[in-house]
*Asks:* 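I'd like to ask you about the structure that follows.
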Amino acid sequence: MSATDTTPTTDATAPAVARRPRFALAVEPRPHAALGTRVATIAACLLVALAGGALLLAVSGYAPLDVYADIVETSFGSRQAFSQTLVVTTPLILTSLAAAVAYRVRLYTVGADGQLVIGAICASGVALALGDDLGSLATIALSLVAGVAGGALWASIAAVPRAYLGTNEIISTLMLNFVALNLMTYLVLGSRSFWRDPVSAQPIGRQVPETALLPPFFDQADIGILLVVAVAVGVWLLMQRTRWGYAVRVAGDSRRAAVYAGIDVRRTIVAVLCLSGALAGLAGAIQVTNVTQALDPDALNPGLGIGYAGIVVATLARLSLLGTVPVALLIGALLSAGPGLQLLGVPSAVVTVLQGLILLLVAGGHFFLSYRVRRVRPTVSGGAS
Amino acid sequence: VNDGTVVQFLMIAIAAGTPLVLAATGEIVSQRSGVLNLGLEGIMLLGAATAFWTASASGSAWLGLAVGAASGVVLAALVGLMAISLRANQIVVGIAIVILGSGIASYLGEAGPMLTQREPGGQFEPLLSSGAADLPLIGPILFGQDVLVYLSWLFVAGASWYLFRTRAGLSLRAVGEDPATADARGIAVARTRWVHVLAGGAAAGVAGASLPLALFGSWSDNLSSGSGWIAFAIVIFAVWRPWRALVAAYLFGALTSIGFNLQLLDIPVPVALLTALPYLMTLVALIVSSVAAGRLGAPAALGEPFWRERR
């Protein structure tokens with residue numbers, strides 16, 4: 001099974017006389033990477049990503065170690081800072097789950113940002129309509145349910161064509177992000193809609209009633225973080241402990257095996273993508289009722305990247321559903337440091353650069369978990385074994 | 001509606017379609033070799049930022065274009081390293097490139113001296129301002145464009161000829177369709193893929209550079225606003241053929257142009273809804289084309305890493 005695999009520029013079959021490599025690399029499959037190997041690989045990926053970010057910072061005249069210390073300080077440095085990190089982590093856990101459930105079935109949705117926006121529109125719409133009429137519990141429950149339903153319905157626009165026609169879900173979910181963003185902009189900036197503040201001269205969103213706010217948990221964080229961790233456990237139970245979850249996993253491993261097992265693969269695809277949308281919609285609902293407290297096109301702008309960050313978290317957690325919670329805290333800390341960095345005069349986009357590097361390296365690092373690379377002495381024929 | 005409006009509509013359609021033509025044609029070349037470079041949006045954003053910075057500092061639009069292309073090659077090399085050498089999931093790699101490219105571009109925009117505060121330097125101007133460009137109607141449309149429009153036509157013609165009329169193009173397509181057989185025939189699969197991924201990256205970098213240097217005349221954060229993704233979608237509608245990509249790109253350019261012209265004519269249509277139009281149409285066209293063709297026309301080994309020892 002072992003064979004030679006050299007770097008792309010050197011051809012292993014080239015005559016040895018013409019070009020004898022100093023050494024060759026043999027690549028062997030590795031059925032199960034030990035826990036130590038996995039931890040070491042992930043740690044190496046993170047270190048290289050940090051080094052890459054440091055290089056960018058150093059080249060543009062910032063002190064990388066100071067900036068990294070600032071990131072830790074602004075996200076974990078005080079009780080208040082940590083509570084702010086929890087606020088950012090809350091929607092991030094949901095968008096990570098949204099990515100993880102779909103990617104496990106090889107459905108590569110990039111639509112969390114748009115579903116989040118639609119969830120926010122639906123949830124704030126319900127909260128505004130209810131006003132102070134109902135008690136707090138009912139208002140919270142109904143607006144969160146509206147966000148979940150909105151996210152799922154928005155996802156279904158891409159899910160149904162994906163399941164029945166094979167329409168590329170990456171592009172369709174992405175286009176829907178832009179449509180959702182423009183819809184939100186229209187509701188607040190482009191029209192005198194129900195969502196727009198009727199009094200203010202500035203085009204801003206109408207404040208949601210206080211009955212829609214989740215009870216506080218600690219400092220700036222509300223109990224949303226607890227709710228979301230419970231959702232993560234719920235999704236894990238659904239996927240790992242139910243018949244339906246089993247069917248989804250079979251369909252994820254092999255579409256053909258699923259068909260033979262009598263599983264309706266198309267309906268499974270629709271259900272998984274809608275579940276993913278529902279999770280992102282819930283993120284939008286929590287965000288709009290508790291963080292922005294009004295439909296705010298700037299604050300809810302997908303450009304902030306909670307959806308993309310969810311993909312980073314899910315990949316870094318190797319699509320483990322419960323694993324998204326601690327990893328989301330890590331990336332959430334990075335995200336929440338962004339605005340603070342800007343105040344310190346450091347470009348906040350360094351946070352985005354680090355996420356991109358982490359995702360890229362983790363995607364590539366997977367190779368070292370599945371294969372062992374060994375240095376071998378080349379034989380006379382130019383090959384190696 | 002007079003002639004002036006029609007001319008303006010068509011000119012903007014072509015100008016707005018040109019970045020899409022460049023990026024989509026480059027992506028066709030890359031995908032024909034079997035590598036899905038989903039990172040176009042990130043490459044375009046980085047190309048735009050580096051090109052604008054260079055043109056602003058040096059005063060030369062051509063130098064800016066070259067630097068934009070070079071930054072496209074650098075990001076495409078990361079795609080190659082991960083997707084070809086390390087056999088990573090090409091979709092995840094693509095998303096990573098989008099985040100990384102847009103992150104570095106925004107970083108350059110924020111880092112002092114800020115890009116938004118820089119004076120535009122070199123720009124691509126219309127090639128001919130008089131003579132043939134004075135002909136009624138077709139004059140400005142055919143002869144009054146900037147040089148990148150003509151370059152994009154050359155690129156499409158060249159790519160089409162290369163893919164379907166040369167031996168190298170045949171090898172390239174063989175690698176994308178059936179890398180094992182191509183390998184057995186003595187074609188260096190990894191090398192072929194590397195070369196064409198880098199070429200596609202350069203094209204996307206030029207497409208990004210064209211945004212501040214020709215289309216908008218200035219730089220702003222996230223200025224490509226999804227063009228990279230639309231270019232990727234165009235590859236699918238165009239069934240991996242450069243000339244069809246040109247037509248599709250101009251149709252999308254026309255959608256942008258409709259929005260722009262309605263605003264100029266003071267027709268009261270909400271701006272946000274007009275902005276959503278190209279994205280909505282991409283979605284509709286994507287669904288319609290999957291009804292019509294499914295995966296027809298896609299290179300058979302698209303997105304599949306090649307393992308010589310796993311045959």
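Scope of the values below: all heavy atoms of this structure, side chains included, with no hydrogens, waters or symmetry mates.
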*Asks:* Between CG of B/Leu36 and CD1 of A/Ile170, what distance do you get to the nearest 0.5 Å?
*Replies:* 6.5 Å

*Asks:* Which bit of A/Ser172 is near chain B, if near means a heavy-atom gap under 4.5 Å: side chain, backbone, both or neither?
*Replies:* both

*Asks:* Ignoring hydrogens and geometry, is there a side-chain-to-backbone donor-acceptor pair from B/Glu110 to A/Ala349 under 3.5 Å?
*Replies:* yes

*Asks:* A/Leu360 versus chain B, heavy atoms under 4.5 Å apart: side chain, backbone, both or neither?
*Replies:* both

*Asks:* Of all heavy-atom pairs between A/Ala363 and B/Val92, which one has the smallest distance, and what is that distance?
*Replies:* CB-CG1, 3.9 Å

*Asks:* Given a strict heavy-atom distance threshold of 4.5 Å, which part of A/Ile311 is in contact with chain B: side chain, backbone, both, or neither?
*Replies:* side chain

*Asks:* Could you give all pairs that pass the salt bridge (charged side-chain N to carboxylate O under 4.0 Å, His left out) test and reach residues 163-185 of chain A, with sequence neighbours left out?
*Replies:* A/Arg162-A/Glu169

*Asks:* Which bit of B/Leu274 comes within less than 4.5 Å of chain A, counting heavy atoms only: side chain, backbone, both or neither?
*Replies:* neither

*Asks:* Give, for atom OG of B/Ser85 and atom CZ of A/Phe367, the distance between the pair rounded to the nearest 0.5 Å.
*Replies:* 8.5 Å

*Asks:* Is it the side chain or the backbone of A/Leu341 that comes within 4.5 Å of chain B heavy atoms, both, or neither?
*Replies:* neither

*Asks:* Where on B/Ile95 is there a heavy atom nearer than 4.5 Å to chain A: the side chain, the backbone, both, or neither?
*Replies:* both

*Asks:* Assess whether side-chain contact (heavy atoms from CB on, under 4.5 Å) is satisfied between A/Tyr186 and B/Thr275, documenting all intermediate values.
*Replies:* CA-CA 10 Å; A/Tyr186 171 72; B/Thr275 318; over 6 Å; no

*Asks:* Just give me the residue among B/Ile91, B/Thr282, B/Leu280, B/Val93 that pairs up with chain A most often, heavy atom to heavy atom, under 4.5 Å.
*Replies:* B/Ile91

*Asks:* Which bit of A/Tyr164 comes within less than 4.5 Å of chain B, counting heavy atoms only: side chain, backbone, both or neither?
*Replies:* neither

*Asks:* Who among A/Ile157, A/Val346, A/Ile171, A/Leu187 has the most heavy-atom pairs with chain B under 4.5 Å?
*Replies:* A/Ile171

*Asks:* Could you grab the distance from atom CG of A/Leu174 to atom CD1 of B/Ile230, nearest 0.5 Å is fine?
*Replies:* 9.5 Å

*Asks:* Could you give the distance from CG (A/Leu361) to CG (B/Leu81), rounded to the nearest 0.5 Å?
*Replies:* 9.0 Å

*Asks:* Out of curiosity, A/Phe368 CZ to B/Leu86 CG, how far, rounded to the nearest 0.5 Å?
*Replies:* 5.0 Å

*Asks:* Please identify, among B/Gly42, B/Gly80, B/Ser106, B/Ala96, the residue contributing the most non-hydrogen atom pairs under 4.5 Å to chain A.
*Replies:* B/Ala96

*Asks:* Answer with side chain, backbone, both or neither: which region of A/Val312 has an atom nearer than 4.5 Å to a non-hydrogen atom of chain B?
*Replies:* side chain

*Asks:* Which of the residues A/Ser191, A/Ser348, A/Gly166, A/Gly190 is involved in the greatest number of heavy-atom pairs with chain B at under 4.5 angstrom?
*Replies:* A/Ser348

*Asks:* Which answer fits B/Val98, side chain, backbone, both or neither, if we ask what part of it has an atom under 4.5 Å from a heavy atom of chain A?
*Replies:* side chain

*Asks:* Quick check on A/Leu357 against chain B: is it the side chain, the backbone, both or neither that has a heavy atom closer than 4.5 Å?
*Replies:* both

*Asks:* Looking only at the side chains, is there a donor atom on one of B/Tyr279 and A/Asn182 sitting less than 3.5 Å from an acceptor on the other?
*Replies:* no

*Asks:* What is the distance from atom CG of A/Leu183 to atom CG of B/Leu273, rounded to the nearest 0.5 Å?
*Replies:* 7.5 Å

*Asks:* Which atom pair, heavy atoms only, marks the closest approach of B/Leu286 to A/Asn168?
*Replies:* CD2-O, 3.6 Å

*Asks:* What part of A/Tyr108 lies closer than 4.5 angstrom to a heavy atom of chain B: side chain, backbone, both or neither?
*Replies:* side chain

*Asks:* Which answer fits A/Ile358, side chain, backbone, both or neither, if we ask what part of it has an atom under 4.5 Å from a heavy atom of chain B?
*Replies:* neither

*Asks:* Can you tell me which of A/Val110, A/Leu189, A/Val353 forms the most heavy-atom pairs within a distance under 4.5 Å of chain B?
*Replies:* A/Val353

*Asks:* Tell me the closest heavy-atom pair linking A/Thr352 and B/Ile99, and the distance in Å.
*Replies:* O-CG2, 3.5 Å

